[in-house]
Peer 1: 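So that we are looking at the same thing, I have put the structure below in structure tokens.
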Protein chains: 2
Amino acid sequence: MQIASVSDRCYRLPMVDTSAKLNLIDVARAAGVSLATASRALSGAYGVAATTRARVLAAAEEMSYVASPEAARLAGGATGRVAVVVPHISRWFFGTMLEALDSVLREADLDVLLYHVGGLDDRREFFERLPARRKVDAVVVVAFPVEEVERQRLALMGVQIIAAGGQNAVYPYVCIDDAAAARQVMAHLLFLGHRRIAMIEAIDPDQPTRPSGRSSGYYAALREVGIEPDPDLVVTTDWGGEQGAQAMSRLLSIAHPPTAVYAHSDEVAIGAIRTIRRAGLRVPDDISIVGIDDHPLASLIDLTTVRQPVYEQGTTAAHLVLATLRGEVDVERAVVLATELVVRRSTAPPRPDRRTD
Amino acid sequence: MQIASVSDRCYRLPMVDTSAKLNLIDVARAAGVSLATASRALSGAYGVAATTRARVLAAAEEMSYVASPEAARLAGGATGRVAVVVPHISRWFFGTMLEALDSVLREADLDVLLYHVGGLDDRREFFERLPARRKVDAVVVVAFPVEEVERQRLALMGVQIIAAGGQNAVYPYVCIDDAAAARQVMAHLLFLGHRRIAMIEAIDPDQPTRPSGRSSGYYAALREVGIEPDPDLVVTTDWGGEQGAQAMSRLLSIAHPPTAVYAHSDEVAIGAIRTIRRAGLRVPDDISIVGIDDHPLASLIDLTTVRQPVYEQGTTAAHLVLATLRGEVDVERAVVLATELVVRRSTAPPRPDRRTD
DNA sequence: ATCTGCATTGGAAGCGTTTCCGATCGACGG
DNA sequence: CCGTCGATCGGAAACGCTTCCAATGCAGAT
């Protein structure tokens with residue numbers, strides 16, 4: 001198969017020498033206006049005639065002018081950057097969030113400064129030094145419950161803060177309803193006839209954790225149909241596939257194993273499936289399993305799951321940023337996006353001989 | 001399970017108000033020296049008496065002074081930022097690369113500016129506008145074959161450029177030997193006794209593609225043992241799991257199906273496995289399958305693969321950046337990292353009745 | 001026709017550093 | 001004892017932009 005090179009596909013670039021250091025003053029001269037007017041025209045401020053602005057814009061475009069962010073900031077403008085703070089990057093959820101944020105932020109001509117704050121040390125260091133201080137106009141914290149001390153530090157930065165992918169008491173946020181997602185899982189499993197439903201509760205050891213909706217939804221759903229939760233059926237583990245696999249083997253070893261398993265995430269569920277298979281059991285024949293996320297690989301694994309709109313959470317959060325940056329006062333404080341059950345082939349009614357009701 | 005909150009774990013932050021704008025001039029006055037001397041003392045330049053410097057340093061420390069990065073850079077320093085250009089973020093490979101780059105760059109007190117250049121439009125836009133211009137000291141292009149036109153544009157930025165995760169003719173780069181990886185796959189499969197080995201060739205439709213080592217290694221390995229490659233056994237598809245699944249069904253439909261499949265990546269391989277399973281066949285009993293990458297999920301899927309050290313590629317690339325930024329002249333032009341075969345449970349000798357030799 | 005007021009524009013003052021260059025001072029050699 | 005040189009240090013000029021404030025020009029009002 002012959003692949004066309006990029007340049008074959010009518011991909012042409014201007015070859016003007018933009019390295020020649022050209023400043024706003026050059027654009028101003030080219031447009032025949034003063035420095036001040038050029039600045040106003042480009043920043044879109046009021047008080048510039050439409051024709052003048054057009055002329056300046058054209059000149060800037062022509063010369064492919066880019067303002068020096070340093071000078072702009074120093075003179076009292078915005079930095080044109082927003083910090084995105086993530087505890088992980090390589091996991092699908094965070095990567096997708098990043099893509100979404102980047103997409104709309106870039107559209108608005110904002111640069112994204114990436115802050116990977118992984119372990120506890122990173123975290124302390126980040127809030128202690130506040131490396132983003134004086135460098136950004138806003139910060140987005142992704143799936144990152146901010147502690148009170150940290151909130152105080154962040155406040156010192158004097159910029160807008162938005163939370164994405166997690167509920168938050170103090171900042172505008174966008175997330176999903178974890179408890180509702182858990183209920184969707186449970187409703188499906190209960191409907192199929194399962195009674196002994198285990199939960200693999202995943203937590204991030206590096207993050208402070210408040211009681212997760214993904215857990216409370218499980219208990220609530222169970223109680224609603226009159227089933228008393230069995231502590232043996234709940235195992236808590238680190239986030240991640242390998243951990244899911246280990247958790248599953250604990251579940252398999254109890255006296256009265258579950259007929260269905262609800263995992264807090266697809267990755268955990270996938271790990272659990274390996275354990276089940278290795279134990280000579282079949283999914284869903286012997287054990288049903290459900291995850292949450294709708295990770296791209298979930299469909300490849302034929303995993304039943306609850307889809308959460310990650311990309312949309314990201315774009316929504318980014319729009320929140322844009323709105324607060326524009327100084328809009330009536331910014332939405334909380335956006336909760338809907339989740340959706342996706343039934344695939346990892347769930348089925350329990351085997352008759354293992355039903356317990 | 002009760003999770004300790006972050007603050008419980010002896011996590012204490014200073015609560016001084018660092019937002020009080022105090023500038024170098026204040027430090028200078030406190031130390032009883034001039035602005036110029038204070039600057040020199042802090043930047044560690046020569047020409048300052050040891051006692052004077054100590055006095056300035058003490059004053060700065062005392063007031064917990066932080067220089068305004070904007071002002072510092074405007075007056076002529078580096079930006080302290082490096083751009084990382086990636087065609088994808090949410091895929092494991094790129095996320096991991098990003099984490100690795102971020103890790104060492106942050107260590108060196110450099111900020112990373114993320115540029116997601118996905119589709120062809122993004123790409124054109126990026127090289128046309130060069131949004132990173134005047135904003136960074138270096139740029140890292142990740143798994144991104146840079147075209148000649150693009151190279152010329154990049155040159156206009158006047159900064160160092162490093163390539164990570166892909167070979168490159170003009171910039172210092174770090175990558176793996178794709179052809180060698182392919183040979184490792186093939187050696188394993190051939191050793192097991194397979195003769196009809198298919199290849200699912202994955203390409204990124206948005207990236208220009210030169211002949212991939214992952215393909216040439218396949219052909220070379222086959223020819224070396226005297227097997228004439230069968231065009232029917234090679235199917236080219238888009239990168240990704242779903243595409244791998246589709247490719248696999250094409251492979252299953254040919255007159256004389258393969259006994260083993262080599263997929264260019266683990267994700268593609270995982271997709272292929274779904275197809276095989278859905279067709280009522282078993283892995284590895286009926287068909288063996290091997291990927292490349294050692295994606296974290298590969299071990300959960302029990303997929304045999306060739307591991308590439310992604311994180312290490314990232315850190316190495318970052319060190320290349322640091323070295324060139326320090327102005328070192330004898331910077332390594334090319335670093336090729338080793339790959340390693342990881343045998344799991346997706347490969348086995350072909351079934352006797354399907355052997356063709 | 002003259003005046004008021006608004007829309008537009010230019011001049012100029014910073015923003016907080018770095019760094020060039022000249023000034024100062026003590027020490028040294030002649 | 002004086003001239004010269006090197007080590008330090010201070011003054012001041014950038015760096016490239018935003019924005020306050022004053023100036024200009026023109027329309028509509030008087």
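Sequence lines set the chain letters: A, B, ... in the order given, protein chains first and strands last, and positions in each chain run from 1.
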Peer 1: Measure from CG on Leu42(A) to P on dG16(D) and round the result to the nearest Å.
Peer 2: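 Rounded to whole Å, this separation is 16 Å.
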
Peer 1: Looking only at side-chain N and O atoms, does Asp111(A) offer a donor or acceptor that is under 3.5 Å from a partner on Tyr115(B)?
Peer 2: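 Yes - a donor-acceptor pair under 3.5 Å links their side chains.
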
Peer 1: Just one of Phe93(A), Phe94(A), Phe144(A) clears the ring pair (Phe, Tyr, Trp, His ring centres under 6.0 Å) bar with His88(A), so which one?
Peer 2: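 Looking at Phe93(A), Phe94(A), Phe144(A), the match for His88(A) under the ring pair (Phe, Tyr, Trp, His ring centres under 6.0 Å) is Phe94(A).
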
Peer 1: Strictly distance-based, threshold 3.5 Å: is any side-chain N or O of Asn168(B) a donor or acceptor partner for the main-chain N or O of Ala163(B)?
Peer 2: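 Not at all, since once roles are kept as given, no pair shorter than 3.5 Å links the two residues.
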
Peer 1: In whole angstrom, give the distance that lies between atom CG of Leu35(A) and atom P of dC17(D).
Peer 2: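 So the two atoms are 8 Å apart, to the nearest Å.
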
Peer 1: Look at all strands and tell whether Arg40(A) reaches a base, only sugar-phosphate, or nothing, counting heavy atoms closer than 4.0 Å.
Peer 2: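 Base contact - Arg40(A) has a heavy atom under 4.0 Å of at least one base atom.
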
Peer 1: Separation of Tyr65(A) atom OH from dC17(D) atom C1', in whole Å?
Peer 2: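 The answer, rounded to whole Å, is 7 Å.
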
Peer 1: With a non-hydrogen cut-off below 4.0 angstrom, is Thr52(A) in contact with a base, only sugar-phosphate, or nothing?
Peer 2: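 Contact class for Thr52(A): sugar-phosphate only.
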
Peer 1: Examine dG10(D): is either OP1 or OP2 under 4.0 Å from a nitrogen or oxygen in the side chain of Ser34(B)? Give yes or no.
Peer 2: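 It does, given that an N or O in the side chain of Ser34(B) lies less than 4.0 Å from OP1 or OP2 of dG10(D).
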
Peer 1: dT17(C) P sits how many Å from Leu74(A) CG, rounded?
Peer 2: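 These atoms are roughly 9 Å apart.
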
Peer 1: To the nearest Å, give me how far apart CD (Glu70(B)) and P (dG14(C)) are.
Peer 2: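 In whole Å, dG14(C) P and Glu70(B) CD are 21 Å from each other.
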
Peer 1: Answer whether the closest heavy-atom distance between the side chains of Val82(A) and Val139(A) falls below 4.5 Å.
Peer 2: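 When only atoms from C-beta onward are counted, Val139(A) and Val82(A) do not touch, as no gap falls below 4.5 Å.
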
Peer 1: Base, sugar-phosphate or nothing for Ala36(A)? Non-hydrogen atoms, less than 4.0 Å.
Peer 2: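 It contacts base atoms.
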
Peer 1: Taking the minimum atom-to-atom distance to the side chain of Ala67(B), which one of dT17(C), dC9(D), dG16(D) wins?
Peer 2: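 Of all the options, the side chain of Ala67(B) is nearest to dT17(C).
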
Peer 1: Base, sugar-phosphate or nothing for Ser39(A)? Non-hydrogen atoms, less than 4.0 Å.
Peer 2: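 Touches a base.
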
Peer 1: Take atom CD1 of Ile25(A) and atom P of dC17(D), then tell me their distance rounded to the nearest Å.
Peer 2: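 Going from CD1 in Ile25(A) over to P in dC17(D) covers 9 Å.
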
Peer 1: Could you check which of dT8(D), dG16(D), dG11(C) has an atom nearest any side-chain atom of Ala49(B)?
Peer 2: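 The listed nucleotide nearest to Ala49(B)'s side chain is dT8(D).
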
Peer 1: On DNA chain D, compare the nucleotides closest to Val33(B) and Ala71(B); which residue's is nearer the 5' end?
Peer 2: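 Here Val33(B) is the residue nearer the 5' end.
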
Peer 1: Taking only the side-chain heavy atoms of Ala75(A) (C-beta and beyond), determine which of dC9(D), dG14(C), dT17(C) contains the nearest atom.
Peer 2: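 Out of dC9(D), dG14(C), dT17(C), the nucleotide with an atom closest to Ala75(A)'s side chain is dG14(C).
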
Peer 1: What nucleotide among dT18(C), dT9(C), dT18(D) has an atom nearest to a side-chain atom of Leu24(A)?
Peer 2: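 Closest nucleotide among those given: dT18(D).
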
Peer 1: Has Glu107(A) got more than 12 heavy atoms of other residues, nucleotides or ligands less than 6.0 Å from its CD?
Peer 2: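 12 or below, so no.
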
